[in-house]
Structures are given as C-alpha cells and as structure tokens.
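The structure appears right after this line, and notes come after that.
Letters go in sequence order (proteins before strands), and every chain restarts at 1. Computed from a predicted structure; not experimentally measured.
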Amino acid sequence: MTLILDPDDPAGWREADAPASSGASGSHLTDGLNPQQREAVEYRGPALLIVAGAGSGKTRVLTHRIAHLIETREAWPSQILAITFTNKAAAEMRERVQALLGEGASGMWISTFHSACVRILRREAESLGMSSTFTIYDSADTRTMLKRIIKELDADTMGFTPAGAQAKISKLKNELSDADTYARNANLNDPQEAVFCEIFRQYSRRLRDQHALDFDDLIAETVYLFRAFPKVAALYQRRFRHILVDEYQDTNHAQYALIRELTRPVEREVVDELDAHGILVRGLTDDHGEIPGASLTVVGDSDQSIYAFRGADIRNIVEFERDFPGAKVVLLEQNYRSTQNILSAANAVIQNNFDRKDKKLWTADGDGEKIVGYTGYTAHDEAQFIADEIEALHRAGVAYRDIAVFYRTNAQTRALEEIFVRSALPYRVVGGTKFYERAEIKDAMAYLAAVANPLDELALRRILNTPKRGIGPATETAIAQFAEQNEISFRQAMRSAAELGLGPKVRGAIGGLADVLDQAAAMLVPSQRGLDEGTNEGAAKVSDVLVYLLEASGLIAALRNSRDPQDETRAENVEELVAQTRDFDRENPGATLVDFLTQVSLVAAADELDDASGTVSLMTLHTAKGLEYHAVFLTGLEEGLLPHQMSATEPGGPAEERRLFYVGITRARKRLYLSLAMSRAQFGEVAVAMPSRYLQEIPEHLVDWKQSPGMATSRGGTQPRALNARRPGSGPGGAWGTRDRDLERFSVTRSAATKTEWANKVTANVRDNGDLTLDSGDRIRHADFGEGTVNQVTGEGSKRIAHVAFDRVGAKKLLIKIAPIEKL
DNA sequence: GCAAGTTCATTTTTT
DNA sequence: ATGAACTTGC
C-alpha cells in the first residue's frame, strides 16, 4: 500500500484506500509508551487535552500521535496542522515524525502560530485588499512608527511613550480589538483616552497604507479573514482535519479564537458552494451534508504558563473542558527527564501556587545528586563559581553543549560573559543581542524590504540617508508631506523630487536611490515561463539582489571606507548577512525575497540554538522553556530579580515568577545549581541583594550549599569558601539575608577595580597582552587569583590558553590574550 | 547638514 | 555604566 501524497489538495483521498486496522500497523508507534501516553496517542474524538507535566514525554506523544494518524490511514499528512512554540520545535517535530514514518511526510503543516498565519495571509491577501508581499514589522519598527505618531500628535506632553502605547495596542490586538472597536467603547471625554484612540487609529491606518502587519496582526488578521470570508475559512476548515497545539497554556485570546475558527464545521450551504467550484468535498461530509469540525488536540501544563505578560490566557487550558464539551483529558505525570531530587524541589516550589490542580512529578530513576547552592559576594563572584563548576563538569565528561545557564533578565549576561571570556569557556548567548537587530543589518534589510514592498515607507525612510547622501530630515519631511497631500506613496513622491523645489544635489541623490531600487526590483521579476507557471523561475537570487543593493547604494563602501573602527565590524556583519542569504538561496531553491524576509521576521530566540556547537548556552528563563540540559545553572536567585521587581504590582505576578522558577528547575536532567549574589550592580550602583523567597520553598535536605546566604554574609572562618574568596573576615554569624556593611564596601571596591580594567569586551577595547609568551613552568600573577605556575599552554594565536595551577585557588584555564596576568 | 559634546533613561520576560 | 537622543558649534 503506497501513500500517494498531494500536499495541497487531499481531494479524493477517501477513494484511495480503506483505512487499515489501527492495531497492526500502529503497534511500533505505541510500544514502549506508558499507559497514559499510549492513550494520548490512540484516543480519537473531537477534542483531547493532554496535561503534560515537565519532562513527561509530550513531544514523543505528539509525534507518535501524528505518525499514528498517518500510518493508520486515518489522515493524509496534508490534513494535519501542528502548532509549536518555536520554529526549532517545529523542525524537530517534523524530523521525528518523518523518522517514525520512514518516508517523507510533505504537506504537513508543522509551524508556529505566526508562520502558519503568514502563510495563510500571503495566500489570501487579495481578500483583505493587501499585497501578498506585505511587510512584517517587528517591535523596533512599530516603536519607530509610534514614536513618530506620538511626536506629531504632541502626545508625549500627555505622558505617552512609544513603549507604553505599543504595549497597550498589543494587548488590545491580542484581545481582537481594533482602533474602531476600541474607540466606540472608550470614554472620549477623557482627553487621555481620546488621544490614545487617535494614536491607535493613526497607527492602524499607516500599517494599512504601507501594506504592513505587526506581529499581533498576523494572528488577528487571520481570525478576521476567517470570520469575514466564510468561504475562505472553509478551505482551511476542510483541509485541516487534525489540529494539534503544543504549549497551549501560553496561547492568548486571538490564538484561541483562531483555533476555534479552524475547528468550526463547514455549513451545508458553504459545502455546496465549494462543490460547485470544483473543490472536492465528497467523503468529507456527514449525514447533514456538513463537513464536521476538525479534531483538536492540545498539550500543555498550566504550571508552565509564563507568558501572561504577552496576553497568554491561562483560562484557555483551565477551561478547555468547558469550551470543548466531551473533551477527553489525559494526564502525563511520570517524568523521564530529571532525577527525583530535582523533581522534589520542583514539586515543593510549585505547590505554593494556589488554585492549581495538584499534580506531582515523579520518576522511577532514583534520587540522583543533590542540588548545589552557592552565594557569591558579587555577580562576578557568582559567575566565577559557575565557570569553575562548568569546568569541573567538563573535566568529568559532560559536554559543553549539555550545560546551560539561565537568568531572569538579559542584563545579567554581562558579568557572566566577562568571566566566561576570561576563563576561556566556550559559550553562546541565545537571544539577547540579536544579529538582525544590529543597525547595519536592519539597514541592509530595509533595502530588501523596500524592494519587496514599495509601499513600505518605514523602510524607505530608513535607507533614505543611509549611507549619508545629503538627504536630511527637512527633505524627508518634505517628501512625506508631498506624498500625504497628493495621496501618493512615499516611493512615488520620491520620483517627483523635481517638483519639491529641492536643490540639484539632493534631487540627484533621491533619483539615484530610486533608480537603484527600481533596478533591484527588475532583477526580481521572473522569466515569462516563471510567470506562466506561477513559479519564481528566472528571478534573481536573494543574495544577488542584496549584493547589488549594497554595492549600488554605496552602503558597503561607506562602511569599508569609514575611519570609525567599529565600521569595520559592521562591514563584516553585513558580509555575514550576504553569506546568510547565500545559505538561504542554497537551502530553499526557488524561494523568493519575500520568503527570506518572512523567515527572518519570525525567528525566535530558541531557533538560533545549534545543537552541534560545543558551547555552553546562556539564555533567559523564558527562552529556556521546552529545552533540557544535563546540567542547569539558575542564577541571580534574588528578591527583585526573581521574582522581578516589576512583577510585584502585577496581579498574579509572583505566582507567574514562581512558575518561571519551576520551568527553570525542570529543565535539568541530572545536575542543578542554584546561585545568587549578595550584592548586585544595577544602574551602575551596587545594591545589597536578598535571597529569593523561592529558595526557602525548597526542602533543605535537597540542597548542598557550597556557600549559603548565611555563610556569605557572615563569612565565618570555618565554612567552605568561594574558590576565589576574599580574605575571610570575622563577625557575627549572619542569618539568611542579613546585611554586612563590610561586605558592601568590599564588593564595591572589588567590582570597581575589575570594571575599570575590564571594560566591556564588545565596545571598548579589552586589555591586550598581545605577544606575551608563556611556557610551562612560568610563574605568573593574576589580578584575582594571585600567583601560580603555568602547567601547559594550548591553542593558537589570540586563542592561546594557559592552564595554570594557582597557589591559593587551584587549577584554572585563562585566555592569555586578555587575562589580567603578568609574568613574574 | 554634520560632528562632537551633553543629558538622559534604561532593565522583565518575546512571537 | 552604557548607549541612545538631544543640543551646540562649525
């Protein structure tokens, strides 16, 4: 029996074969599963909720369920829509399903909410009166727009900020509200409200004029499309017979509504109409001539809901049974990831959250090692402990890629990075400063965006004077006004530069830019054959267009010829972008420029993770969701950081922070480290930090404190000290969280000294030992570690690493080029 | 219109 | 402490 796959049209599939009996062909898909997992794979019905505790094998269940549906011939791959949280998770799921089936399963839609919606919207753009090449604006783009709007409306005098307006608009869109709906219910007598309505309206209008959508629109517009055009909706309702949603606890109202629309039955009249248009419906209809709603499977864990700030509504999962009457619920509680000690800690912490269904993770694999705790004097001290422990793990055979360091805020990476660089520890920050957020990359991308969508005013204004070509703000405003008055686009107004009464130099510059963009656009037109066949044949590759734009616009030349030393790095970054477009062209033959722009817009932090890289991963607790590591370090476990200061005022804030901690704990397979600092620099000021309240929720016997908060404050002589501890002082034994003025003073001096010597590694110049040569046997002195003997030197050039046995603190690895050392 | 100097806010998490 | 944003002088 062969599967004949027609990815985009499952028409006629019923005639192909009678479904095989599920037992026989699906057995290898249920072997080795526990009874609950097996039920989750085999259950058939309109709605299924899988409550999957952390590490309970939910990805396995999902992939097996999909494969089972296909192998039993209950569904064609093209009838399956699976929604994951990140593109990486989607790719992984696709691979695993294909591995289970042993053959290609093309036609399945496995993607994020956003990617799936873009795909639908580009296809159906016409219905919405929009170009299929619409631009997707990221949060930086929308903030720029809002900034302009607020300025023009003088709304800043009323206390409006771009960030504030952005948050509020995003929240409204996630509730499926729009500018008009909002204005109708708003109290317009309140001037504050009235101005906000105007901001919202302007913002929406500009997006529409520029054929651009923001992140929230991607979901909301798809819902709108389905509600306004039942026939369009019916195409997708008919196609997707099985919808599976992962991380359901983090869906917001708009996403919930989208799922509701997709699982709606197709009414008889619409079915008839589809039939009349030659769309096959035979075999899909029930006795009433309707196409029944798709079957829905959602997987989630309300204890891991950590995106309420972004509109995620925990009620979606809590009230699933009410929303979908007759839904089956399967509970997965057995954990296959972590040791019992780690799970006991996680259970103890999450138990403190009220109104949750009691649920306890358990494993059959034994207690494992104790959790390790450490309290540093400063963030640098904490980071040093982490670096040392990572080295110890590595020596014990744990690969770097199997180790991760988590933190609450991105700002915490600084201290960690400084110490990791100095310790020659290979690491990678996931998320954080993203490549595509760099100014020079955004510039280059804006050129591409302006070519792909000529109505994209934001992109045009960005590149208008980048590189510098003598077009200043005055000229920019003049063009914008001319466009407004004549009701033409910004791009068209540029063509009319002659009518603006500008000088010949400026006019030439504008014309030159317009010509470059026209030329690039011409490169992208497919050949006649491509046009006839609706393919992209004959169109220039993305990399070729980018190279043309960079050279013809003078952008790359400006960076190369600049005397600003940072521009050299920027030129390299732009070249890296060119390399990335080449990769894209190679991996996606026939893909368009718009495809490239879409992919870039929708990358998530976790998508950057490269499993093959031999590096330690650093990321926020949010990014860590869904991942797992052999060893996990949870850092900065202090009041004000976790729970974060900002969460205190939010209703449900502290509970969500606790879930965040819970998510962090449950990422660890074998080893878990909890660390904090007694003092932390914030805004350049050093402040005393208190241990996080959540630490006390972990039973004492589970944690082995190498240096407890009490020890760190008292610095008593009998206690084990930090590996690079300062002189132990004397003093009364401090309790959990007591202050110590000596400590404060000490920390300030230490960190200040370190800071001056070790300015930021990216921007400022780092200490450079240059050609310092070291050999085994040499004696050196280190700023922090004191004197020691070099055992060995490895690596080449600037990557040479000294393996040093220090007299006081033992063995360390140092990057010779930048370590604060001198030869004695 | 541009470069250098000064002020100022910034830090919660992200598709 | 740092980088963005604004002001001042050429």
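Comparing B:dT12 with C:dA5, their C1' atoms sit 23 Å apart, to the nearest whole Å.
Following rounding to the nearest Å, A:Glu656 (CD) and B:dT13 (P) show an atom-to-atom distance of 13 Å. Rounded to an integer number of Å, the gap from CD of A:Glu476 to P of B:dG1 is 11 Å. Counting to the nearest Å, the P atom of B:dT11 and the CG atom of A:Leu641 are 15 Å from each other. Across the protein-nucleic acid pair, A:Gln249 atom CD and B:dT13 atom P stand 20 Å apart, rounded to whole Å. With rounding to whole Å, A:Asn174 atom CG is found 11 Å from B:dT14 atom C1'. Rounded to an integer number of Å, the gap from A:Phe85 CZ to B:dT13 C1' is 11 Å. Atom-to-atom, NE2 of A:His622 to P of B:dT13 comes out at 9 Å; the value is rounded to the nearest Å. Per the geometry, CD belonging to A:Glu418 stands 12 Å off P belonging to C:dA1, to the nearest Å.
Between A:Thr84 and A:Asp246, the side chains place no donor N or O within less than 3.5 Å of an acceptor N or O (distance only, hydrogens not considered). With hydrogens and angles left out, the side-chain atoms of A:Tyr137 and A:Gln210 include a donor and acceptor closer than 3.5 Å. With 3.5 Å as the limit, one finds a donor-acceptor pair spanning the side chains of A:Glu417 and A:Tyr427. With no hydrogens or angles considered, no side-chain donor-acceptor pair links A:Thr133 and A:Asn453 at under 3.5 Å.
Side-chain proximity of A:Lys468 to B:dA3, B:dT15, B:dT14: nearest is B:dA3. Nearest nucleotide to the side chain of A:Thr409, out of B:dT12, C:dT2, B:dT15: B:dT12. Across B:dT15, B:dC2, B:dT14, the shortest atom-to-atom separation from the side chain of A:Thr620 is found for B:dT14.
Considering only side-chain N and O atoms, A:Lys147 lies under 4.0 angstrom from the phosphate OP1 or OP2 of C:dA5. Between A:Thr475 and B:dG1 there is a side-chain N or O to OP1 or OP2 distance below 4.0 Å. A close approach under 4.0 Å does not occur between any side-chain nitrogen or oxygen of A:Ser139 and OP1 or OP2 of B:dT15. Between B:dT13 and A:Asn410, a contact under 4.0 Å exists linking OP1 or OP2 to a side-chain N or O. Note on A:Ser647: every side-chain N or O is 4.0 Å or more away from OP1 and OP2 of B:dT13.
Under the stacking criterion of a centre-to-centre distance below 5.5 angstrom and an interplanar angle below 30°, A:Phe309 sits stacked against the six-membered ring of B:dT13.
No donor-acceptor distance shorter than 3.5 angstrom exists from the side chain of A:Arg570 to the backbone of A:Glu440, with no hydrogens or angles considered.
Within 4.0 Å (heavy atoms only), A:Phe113 reaches no atom of the nucleic acid at all.
The base of B:dT12 has none of its N or O atoms less than 3.5 Å from a complementary donor or acceptor on the side chain of A:His644.
Mapping A:Asn465 and A:Ser601 onto DNA chain B by nearest heavy atom places A:Asn465 closer to the 5' end of the strand.
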